[in-house]
Amino acid sequence: MAKQLKRLTAAQLRSLAADIRAFLVQSLSDTGGHLAGNLGVVELTLALHTVFSSPRDKFVWDVGHQSYVHKILTGRKDRFHTLRQLDGLSGFPKVHESPHDAFGTGHSSTAISAALGLATARDALGKKGKVIAIVGDGSMTGGQSYEGLNNAGRAHTDLLVVLNDNQMSIGENVGAISRHLNKIRTAPAYLSAKHRTHHLLDQLPAIGAPLTQVIESAKDVIKRVVLEGVLFEELGFRYFGPVDGHNLETLIDTMNRVKNISGPVLLHVLTQKGKGYRRAEIAPTHFHGVEAFQIQTGRPTNGAKKPSYTDVFTKHLCNAAVENDKIVAITAAMPDGTGLATFGRVFPHRFFDVGIAEAHAVTFAAGLAMNGLRPVVAVYSSFLQRAYDQILHDVAIQNLPVVFAIDRAGIVGEDGETHQGLYDLAFLSHIPNMTVLAPADAGELELMLDFALGHDGPVAIRYPRGEAVMPRGEPPPIKYGRSQTVMKGKGIALVSVGTMMTTALAVRDKLKEAGHSPSLYNARFIKPIDEKLVEALTNYGHVFVLQDAAARGGYGEMLRLPHAHDFAFPDKFIEAGTQEELFARYKLDAKNITEKIKEILQ
């Protein structure tokens, strides 16, 4: 389809844009996915594929979930009913899925660095084609974007960065002047005249160079007064924009003008998140990532959900903050996803959204803790990976009381490899001074949060996505470094990590039906390991560890028991699928675990 775009009229392109929007709404109402952002980039993506030629010209999408239209235009429309499903179409660019996906992106702020690498390799190998980074959805709040801009501006490599700005607006007068100057500055005649003028002035021995400096100084003053892009100009980019991201004629004309300019170029495009679907326009945050929904009402197809672990965490943190005015909360651009939006409404002066800047969030929290506050950093497991050095260097070495509320730990599901939270146990547990806990249910999450807020040192609490399991009675108090004996048996022992307790209980019931009497332990503390538990486990013939984490570096390996069998995810990146499908595929559901244990015992 992308090749056919170049033959379409403006009217035909506008009609196609409307058709794509209707298709996105209909398709995602069935499968779920990232809706609002993709509705906002329909015209932008059409313009890119009209002006450039993928895969010769390479598109790098940041953060990747705004690439649905790109996928539709590059031959994957017929597979959209499988989006984010097991063995289906990925919700993010994947290099193994299509040659049109030039670089895999799932986390924010990486596109400029990756695009610069692609462009530099292109030049070194004598290849042809443009490299375009499409950066949006708040990615410019991430520090790596500016590291990439700084390097690209200094390198003078041919590179186009399209800033998809769907969060900010610009004043009418400034916008009009900027568009006018942009049209002049991108005109080939102007660029040619500018080059000839500089050349002629340089030939005048006495006044040429000083006059050139005067002209350049005057131009710089004008840029600083009327242009929004001075920051990018100072970083070495030619800045153009802002451009209406829903005006196809303007987009195509501007891209045609800038595509042959040498060196790094930044094109600033204004789009509206949720464009074309009124409910998403009104509530773009709500429709950023959606489950299957009813188009007419916008409500989830499956109806209202029971409280999640995120809900339990938020409510209990707010209650604790009423009693302790030193508690503050930090998010890295995920106030709704982590539940901290509620905290921010109740305690607006104790809530900090630092943007997509996880590394900064952690060091910022360290500073708060050093000066007497009790910071809670709520973050998805897969995003905490981006702040590993800051956890170690700024928090743990100084043994500061920072609480890490690690949401979406374990299998997340449909977002696939880039978002599965399987690695936090491994990369946190070997850090000195760090305490790591995993609650078995909602009641334990509340108890562990209370413990963490009173502990003199860093504490991480990991809990999964989805509906919270309610307590099976009053959970015993949390004692530092101690596990919980849930049920005593003989011969074999089950050790459950976190919310695998539900599976462990089902496995125990099935084993009892088969004539076995397993003991059941709740690990509670991943670090420090309960040495009394380890000692007790040496008395069993077989020990079976159940964890929603990677086996490599996980709790099973930490126990170091030769007779322990580890039920955990293998040493590979786990694909997209529902949580239930993935547990079944990797034989970590109750049925498969029970069958495997029976095989081992026989």
Side-chain angles (χ1 to χ4, degrees), residues 36 63 107-109 137-143 166-168 273 283-289 307-384 386-387 390-391 394-395 400-409 421 424 439 442 445-446 448-455 457-463 465 468:
V63 296
H107 292 180
S108 169
S109 310
D137 206 16
S139 297
M140 295 304 290
T141 64
N166 55 28
Q167 295 183 351
M168 297 179 289
K273 212 168 183 180
T285 299
H286 176 74
F287 285 92
H288 169 76
S308 66
Y309 283 100
T310 305
D311 298 329
V312 173
F313 157 75
T314 302
K315 183 177 179 180
H316 200 69
L317 180 65
C318 288
N319 290 338
V322 171
E323 302 296 327
N324 184 350
D325 61 7
K326 291 185 177 180
I327 293 174
V328 296
I330 304 166
T331 181
M334 296 292 291
D336 290 284
T338 61
L340 288 186
T342 300
F343 185 97
R345 287 190 290 270
V346 180
F347 306 102
H349 301 297
R350 294 158 62 183
F351 168 69
F352 305 96
D353 184 346
V354 301
I356 302 177
E358 292 84 1
H360 164 65
V362 172
T363 303
F364 174 57
L368 294 172
M370 183 67 80
N371 217 18
L373 293 179
R374 281 280 176 170
V376 177
V377 180
V379 60
Y380 288 8
S381 173
S382 62
F383 298 157
L384 187 61
R386 298 157 63 90
Q390 288 70 27
I391 297 168
D394 300 328
V395 175
L400 294 172
V402 175
V403 177
F404 296 97
I406 307 177
D407 205 327
R408 270 62 165 182
D424 50 85
L445 175 55
E446 294 177 345
M448 289 178 178
L449 184 56
D450 288 338
F451 165 83
L453 290 168
H455 184 67
V459 179
I461 307 172
R462 73 184 311 258
Y463 48 93
R465 176 187 187 183

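Just so you know, these numbers come straight off a predicted model, no measurement behind them. Values reported hereafter were calculated over all heavy atoms of this structure, with side chains retained and with hydrogens, waters and symmetry mates removed. By convention here, the first residue in the shown sequence is residue 1.
Annotation: the span from Leu317 atom CG to Asp450 atom CG amounts to 10.0 Å, rounded to 0.5 Å. Residue Gln390 holds its CD atom at 10.0 Å from CG of Leu384, rounded to the nearest 0.5 Å. Annotation: the span from Met140 atom CE to Ser109 atom OG amounts to 8.0 Å, rounded to 0.5 Å. With values rounded to the nearest 0.5 angstrom, Phe343 atom CZ is found 11.0 Å from Thr338 atom OG1. The distance from the CZ atom of Arg408 to the OH atom of Tyr463 is 8.5 Å, given to the nearest 0.5 Å. Distance check: Arg465 CZ to Thr310 OG1 gives 9.5 Å after rounding to the nearest 0.5 Å.
Heavy-atom minimum distance, Tyr309 versus Ala468: CE1-CA, 3.5 Å. Minimum interatomic distance between Ala365 and Val377 (heavy atoms only, all atoms of both residues): CB-CG2, 3.6 Å. Nearest heavy atoms, Val354 versus Ala361: CG2-CB, 3.7 Å. Across Cys318 and Thr342, no two heavy atoms sit closer than the pair SG-CG2, 4.4 Å. The two atoms that bring Gly372 and Lys326 nearest to each other are O-CD, 3.4 Å, heavy atoms only.
A heavy-atom distance below 4.5 Å is found between the side chains of Phe313 and Leu449. Residues Val376 and Ile330 have side chains not in contact (no heavy-atom distance under 4.5 Å, counting atoms from C-beta outward). The shortest side-chain heavy-atom distance between Ile461 and Leu445 falls under the 4.5 Å cut-off. You'll find the side chain of Leu453 stays beyond 4.5 Å of the side chain of Asn324, heavy atoms only. Using a 4.5 Å heavy-atom threshold, the side chains of Val362 and Val395 count as touching. Counting only heavy atoms from C-beta outward, the side chains of Ile406 and Tyr380 never approach each other to under 4.5 Å. Contact check for Arg374 versus Pro401: side-chain heavy atoms found under the 4.5 Å cut-off. No side-chain heavy atom of Met334 sits less than 4.5 Å from a side-chain heavy atom of Val379.
Between the side chain of Arg350 and the backbone N or O of Gly344 there is no donor-acceptor pair closer than 3.5 Å. Using modelled atom types, one side-chain atom of Asp353 and one backbone atom of Ala333 make a donor-acceptor pair closer than 3.5 Å. The closest donor-acceptor contact from the side chain of Thr141 to the backbone of Ile356 lies under 3.5 Å. Between the side chain of Asn319 and the main chain of His316, no donor-acceptor pair closer than 3.5 Å is present.
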Exercise. Would Phe451 and Val403 satisfy side-chain contact (heavy atoms from CB on, under 4.5 Å), going step by step from the backbone distance to the final call?
Worked result: CA-CA 10 Å; Phe451 165 83; Val403 177; over 6 Å; no
For this session: Evaluate the criterion side-chain hydrogen bond (donor to acceptor under 3.5 Å, both in side chains) for residue pair His288 and Asp336; output intermediate values, then yes/no.
Result: CA-CA 11 Å; His288 169 76; Asp336 290 284; over 6 Å; no
For this session: Walk me through it: do Thr314 and Leu340 pass the test side-chain contact (heavy atoms from CB on, under 4.5 Å)?
Result: CA-CA 6 Å; Thr314 302; Leu340 288 186; 5.6 Å; no
For this session: For side-chain hydrogen bond (donor to acceptor under 3.5 Å, both in side chains), just list the numbers for Asp424 and Ser381, CA-CA rounded to whole Å, side-chain angles, deciding distance to a tenth of an Å, and then say yes or no.
Result: CA-CA 6 Å; Asp424 50 85; Ser381 173; 2.6 Å; yes
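His107 and Phe383 have perpendicular rings, their planes meeting at more than 60° on a 0 to 90° scale where under 30° would count as parallel. Aromatic ring orientation, Phe364 versus Phe352: perpendicular (interplanar angle above 60°, classes split at 30° and 60°).
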